[in-house]
Trainee: 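Here you go, one structure.
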Amino acid sequence: MTLSVTQSDFQAHIKKYLDQVNDEDETVYIACPNGSSVVMLSQEKMYWMKKALQAKEDSLDYAVARDQLIKHNVLSDDPIVESNDDYWKNF
């Protein structure tokens, strides 16, 4: 789940939001008064995002990072592929 809060709300309830990020794996978007915003996420989630970006797409490192990002609900899970006999009919 993702939360969106104002900067003043974040400042007033910082412990609550830090706990949600660390304990519940939440991502918090903080809207600043000047129109910009920042995102707060767990260090583990950021680690796996960086690993996925740095790894080659067909490598084991990428596959592990992708699985971790699916676990953290950053990426959606792969669709289930229906099994059929079309492949074996070619022989």
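Keep in mind that the numbers below use all heavy atoms, side chains included, and drop hydrogens, waters and symmetry copies.
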Trainee: Side chains of Ile14 and Leu18: does their closest heavy-atom pair fall under 4.5 Å?
Mentor: yes
Trainee: Once side-chain contact (heavy atoms from CB on, under 4.5 Å) is applied, do any residues pair with Tyr29, and if so which ones, sequence neighbours excluded?
Mentor: Thr2, Ser4, Thr27, Val39
Trainee: Among the clusters formed by ILVMFWY side chains lying less than 4.5 Å apart, do Tyr62 and Leu75 turn up in the same one?
Mentor: no
Trainee: Show the numbers, then the answer: is there a side chain to side chain contact (heavy atoms under 4.5 Å, CB included) between His72 and Glu44?
Mentor: CA-CA 9 Å; His72 287 286; Glu44 182 179 5; 3.5 Å; yes
Trainee: Do Met49 and Leu41 have side-chain heavy atoms sitting under 4.5 Å apart?
Mentor: yes
Trainee: Would you say Leu53 and Leu60 are hydrophobically clustered, going by side-chain heavy atoms of ILVMFWY under 4.5 Å?
Mentor: no
Trainee: Indicate, with yes or no, if Val21 and Val38 share a hydrophobic cluster defined by side-chain heavy-atom contacts under 4.5 Å among Ile, Leu, Val, Met, Phe, Trp and Tyr.
Mentor: yes
Trainee: State which residues pass side-chain contact (heavy atoms from CB on, under 4.5 Å) with Val5; sequence neighbours excluded, sorted by chain then number.
Mentor: Asp9, Phe10, Tyr17, Val28, Ile30
Trainee: Which residues pass the side-chain contact (heavy atoms from CB on, under 4.5 Å) test with Gln54, sequence neighbours left out?
Mentor: Lys50
Trainee: Working to the nearest 0.5 Å, report the span between OG of Ser42 and CG of Asp23.
Mentor: 10.5 Å
Trainee: Taking side-chain hydrogen bond (donor to acceptor under 3.5 Å, both in side chains) as the definition, give me every residue that meets it alongside Ser8, ordered by chain and number, with sequence neighbours left out.
Mentor: Thr6
Trainee: Any salt bridge (Lys or Arg N to Asp or Glu O under 4.0 Å) involving residues 53-72? Give me the pairs, sequence neighbours left out, ordered by first then second residue.
Mentor: Arg66-Asp78
Trainee: Is it the case that atom CD in Glu24 sees more than 12 heavy atoms from other parts of the structure closer than 6.0 Å?
Mentor: yes
Trainee: Please round to the nearest 0.5 Å and tell me the distance separating atom NZ of Lys15 and atom CD of Gln20.
Mentor: 11.0 Å
Trainee: Please identify each residue that fulfils side-chain hydrogen bond (donor to acceptor under 3.5 Å, both in side chains) with Asn34, with sequence neighbours left out.
Mentor: Ser36
Trainee: For the residue pair Ser37 and Ala31, what are the closest heavy atoms and their distance?
Mentor: CB-CA, 4.1 Å
